[in-house]
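These notes concern the structure reproduced below.
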Amino acid sequence: DQQVKQNSPSLSVQEGRISILNCDYTNSMFDYFLWYKKYPAEGPTFLISISSIKDKNEDGRFTVFLNKSAKHLSLHIVPSQPGDSAVYFCAASLPSYTGKLIFGQGTTLQVKP
Amino acid sequence: GAVVSQHPSWVICKSGTSVKIECRSLDFQATTMFWYRQFPKQSLMLMATSNEGSKATYEQGVEKDKFLINHASLTLSTLTVTSAHPEDSSFYICSAGYSGGAYEQYFGPGTRLTVT
């Protein structure tokens, strides 16, 4: 049962344009969502997060939007840079925080110069 | 930001032997550490959660006797793959978190295990 889904395995964007990565979830009890960036053969790096009580969180070029009614979140990267090329994972956490994160399958972003 | 290290970064071992992987939080005290496994082009699968000084909590389907986890201090957790088999070959990643409401986990660089 995949509670967190990233339905697009890959995305290709031109440098300078906007990258939009999407994530859907099924468990309405999730109260915290996170985005991680991962390069091959490295551990994921935390990017940005959002609490379920908010609908937007912005940090520099990265903005995460949360639509609770649709159980959907998205990560916007503006402007996209070649160094952003990586695999992006969204993850979700439950209120009874044990630290357990449930990850989506990941989306590979390629930013072309 | 918080730094988590893993050692070794890669290891090759023969079937039947045991391999120990270390995970260290370098600049903070990790009350909880997590061990993940990632197969090629797949998501991170949580194997177990370990809290300092207590037994690890394993996810369903993960063999406790095969994947031994020890969290002896607030900065060190170890994963030992016992009697390794080729199907245990994978990328193992640890992460560390700390209490106080912080949801973010900080990941180590991962360890590539190849069992021949």
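So you know, we letter chains A, B, ... as the sequences are listed, proteins then strands, and number each from 1. These values consider heavy atoms only, across backbone and side chains, with no hydrogens, waters or symmetry-generated copies. Note that the structure is a prediction, hence the values are computed from the model and not measured.
Under the 4.5 Å side-chain heavy-atom criterion for ILVMFWY residues, a single connected hydrophobic cluster contains both Trp35(A) and Ile102(A). Residue Phe33(A) is grouped with residue Ile48(A) when hydrophobic side chains (ILVMFWY) are merged at heavy-atom distances under 4.5 angstrom, including chains of intermediate members. Under the 4.5 Å side-chain heavy-atom criterion for grouping Ile, Leu, Val, Met, Phe, Trp and Tyr, Trp35(B) is connected to Met45(B) within one hydrophobic cluster.
Here the closest heavy-atom approach between residue Gln38(B) and residue Phe89(A) is recorded as NE2-CZ, 3.6 Å. Scanning both residues, Ser43(B) and Phe103(A), for their nearest heavy atoms gives OG-CB, 3.3 Å.
Centroid-to-centroid, the aromatic rings of Phe107(B) and Tyr36(A) come within less than 6.0 Å.
Within 6.0 Å of NZ on Lys66(B) lie more than 12 heavy atoms contributed by other residues, nucleotides or ligands. Around atom CZ of Arg17(A), no more than 12 heavy atoms belonging to other residues, nucleotides or ligands sit under 6.0 Å away. Within a 6.0 Å sphere centred on NE2 of His7(B), heavy atoms belonging to other residues, nucleotides or ligands number 12 at most.
Taking CZ of Phe34(B) as the reference point, atom CG of Leu101(A) lies at 6.5 Å (rounded to 0.5 Å).
Using a 4.5 Å cut-off between heavy atoms, Leu44(B) touches chain A through backbone and side chain atoms alike. Of the two parts of Gln6(B), neither the backbone nor the side chain holds a non-hydrogen atom closer than 4.5 Å to a non-hydrogen atom of chain A.
When each of Gly43(A), Pro44(A), Gly104(A) is checked for heavy-atom pairs under 4.5 Å with chain B, Pro44(A) comes out on top.
In this structure, the side chains of Ile93(B) and Lys38(A) come closer than 4.5 Å at one or more pairs of heavy atoms.
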